[in-house]
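Bear in mind that the values here come from a model prediction, so they are computed numbers and not experimental data. Numbers restart at 1 for each chain; the letters A, B, ... are given by sequence-line order, proteins then strands.
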Amino acid sequence: MTSRHPNTQHKSVIDADGLQSLIGVLRDEGYQVIAPRASDDAMVLGQVNGIEDLPVGVRDEQDGGHYRLVPGGGRALFEYGPGPQGWKRYLYPPEERLWRARRHGESFTIEEDSQSTDKYAFLGVRACDLRAMEVQDKVFDREPQGDPRYVARRKNAFVVAVNCARAGGTCFCVSMASGPRAKDGFDVSLTELIDDDRHVFLAEAGSKKGVELLERIDRRPASDTEMSRADAIVSQTAESMGREMIADAEHVLARNLESDHWETVADRCLTCGNCTLVCPTCFCTTVEDVTDLSGAIAERWRKWDSCYSMDFSYIHGGSIRREGAARYRQWIAHKLSFWHEQFGISGCVGCGRCITWCPVGIDITEEARTLRDGEKDL
Amino acid sequence: MPEPRKAKLAVWKFASCDGCQLSLLDCEDELLELAGAVEIAHFLEASRATVRGPYDLSLVEGSITNSHDAERIQKIRRQSKSLVTIGACATAGGIQALRNFAKVDDFIATVYAHPTYIEALAKSTPIHDHVRVDFELRGCPIDRRQLLEVLGAFLNGRRPNIPAYSECFECKRRGTVCVMVARGTPCLGPVTQAGCGNLCPPHQRGCYGCFGPMETPNTASLSGWFGSAGADQAKIRDLYRSFNAAAAPFRRESERHD
């Protein structure tokens, strides 16, 4: 994890070989380097051993319920937007055993699983996902209800951010004030600079760990031209956002809990849970206790859950959010409104995953706008 | 203290392919443990030796397709403290419930040269249409891990962890890329109950709906997607009309596209 380190004097330039050594040094330090890889028709997070594992010249095309990888035509390594998965699957895995108990006659012992020693280096984290980590820190890194496993993995992690050179079709980080520039929360940030005759990365350290890493690889100081070039790229991305969240969504949602519009969304909503599972900040889980056949061993497992499942709101006598309308409302109102009260920040980072990966393309920005516009008609 | 009496387990077959019973024999690593935990009192696929009822737990495979079986299931229910149905035939009528959408006599005339001894009910129906069922385990076939979970829960007096949410949960937990969004492939995952272990989408195939309707399926919305992806009415109908064709939400949706 990274402390704020706004010092910009560490801007330097590395080339492809430099990026290769960056990955190498991280691996030598015992990190498992995780980055988006082109696999199964999408940018899927996985382990990389070197830049040869990174996608070359691949873009994505994203819209509501639509994702395609398409050739970008160039040499760029980071020309695509957020993929189907958030980094939470490493910091907060989908299924995790919390402990197991063993019966000995009339008594039993509990064997708690040891704390995580996973050491991940995340390569290619976008500004929206840096914000998502910050949001999840507020959820998990606190006493007494925090999550020590998350905190351990997060503290061990090394974050290499990438400034977005293209806005995805469902991106709206500008209106969530979370991107596209990686401002803090990283150890090293990279901006990819491509000309006819060169392919380099403007590298900036964001932490002491980041400074130390960059000192170990071949680099040269960045020129003023390179720095302004990098700024221009990010500004251009900011100007070409695919979507925009309305201003003051927090209060618009809070005012519209009884809107008729929820029924209209429910006609389309599959209550499949995809939006929550791809959301990089959604953190809800369920706990399952399992036993073996003989009853000698019991285990407690934690698994990603979703406010779209009926069991999620099951209390004595049944589920309290039986209708799809109630469940969609719960999700979007928590994400955009109640999250502020609960954690002092929006639960939405503007990555657009819930729009892209909703099979029927329900658009969080559009639904919020419809609710706001409905108020004008009153 | 005397050893507590082992629970008596019986496995029964009705109209079915035996695949679900086979899942029990497929529990190779756990089979000895299971044999130690229960008395396998009636399981013809495994042994001719049978023990008379009553039984603590009956696993019932298959659907009711003739009047003889309609009577037999009543007897089994009376002999069983708990009755758990296993598989799409027992829980929804199975693939043979396709006949529910046509005239059974037409099938008989087509298949049998001398149908004198063929006695078939007009519809293939799930066990819960005939007797009280304590738990329904879905799937075509059932998933052996889920079967062990149900047996473990039964033996330890707890509720089984068999979620009724969509198959999308299994895709997302596993990290499977959505075939609808990334390929435009029709998939029943959003309306199908999880539990298979995520078999098809990791191989870029849409979900076939083997585990039947999830808890709150919005089939109308999904069919709208199928239509906009180019499926005609017959194709949409046929997507719902397979192993769980007679499960009410799938039946109603397929009939909307007849």
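From B:Arg158, atom CZ reaches atom OG1 of A:Thr291 across 3.5 Å, with rounding to the nearest 0.5 Å. Atom CD of A:Gln85 is separated from atom NZ of B:Lys172 by 9.0 Å, given to the nearest 0.5 angstrom. For the atom pair CG of A:Asp289 and CG of B:Asn156, the computed distance is 11.5 Å after rounding to the nearest 0.5 Å.
Enclosure of atom CZ in A:Arg103 is not indicated, since only 12 or fewer non-hydrogen atoms of other residues, nucleotides or ligands lie within 6.0 angstrom. The neighbour count for A:Asp260 CG, taken as heavy atoms of other residues, nucleotides or ligands under 6.0 Å away, does not exceed 12. Enclosure of atom CD in A:Glu323 is not indicated, since only 12 or fewer non-hydrogen atoms of other residues, nucleotides or ligands lie within 6.0 angstrom.
Using a cut-off of 4.0 Å between Lys/Arg side-chain N and Asp/Glu carboxylate O, B:Arg174 and A:Asp40 are scored as not salt-bridged.
Of the listed residues B:Ala182, B:Gly152, B:Gly175, the one with more heavy-atom pairs under 4.5 angstrom with chain A than any other is B:Ala182. Here A:Asp267 is the residue among A:Asp60, A:Asp311, A:Asp267 with the most heavy-atom pairs under 4.5 Å with chain B. Heavy-atom pairs under 4.5 Å with chain A peak, among B:Met180, B:Arg159, B:Arg183, B:Gln204, at B:Arg183. The candidate from B:Ala37, B:Pro163, B:Gly36, B:Pro190 with the greatest count of non-hydrogen atom pairs under 4.5 Å with chain A is B:Pro190. Looking only at heavy-atom pairs under 4.5 Å with chain B, the residue among A:Arg322, A:Gln62, A:Lys303, A:Glu61 that has the most is A:Lys303. Counting heavy-atom pairs closer than 4.5 Å to chain B, the top residue among A:Arg268, A:Arg89, A:Arg327 is A:Arg89. The residue among A:Thr271, A:Val278, A:Thr286 with the most heavy atom pairs within less than 4.5 Å of chain B is A:Thr271.
Minimum heavy-atom separation, B:Arg173 to A:Pro94: O-CG, 3.2 Å.
One N or O on the side chain of A:Arg68 and one on the backbone of B:Val181 form a donor-acceptor pair closer than 3.5 Å.
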Quiz item: After noting the C-alpha distance and the side-chain angles of B:Val177 and A:Trp357, does the key distance pass the side-chain contact (heavy atoms from CB on, under 4.5 Å) rule?
Solution: CA-CA 9 Å; B:Val177 175; A:Trp357 298 97; 3.9 Å; yes

Quiz item: After noting the C-alpha distance and the side-chain angles of A:Tyr308 and B:Ser166, does the key distance pass the side-chain contact (heavy atoms from CB on, under 4.5 Å) rule?
Solution: CA-CA 10 Å; A:Tyr308 285 90; B:Ser166 73; over 6 Å; no

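Within residues 208-224 of chain B, the residues having any heavy atom less than 4.5 Å from a heavy atom of chain A are, in residue-number order, B:Met214, B:Glu215, B:Thr216, B:Asn218, B:Ser221, B:Leu222.
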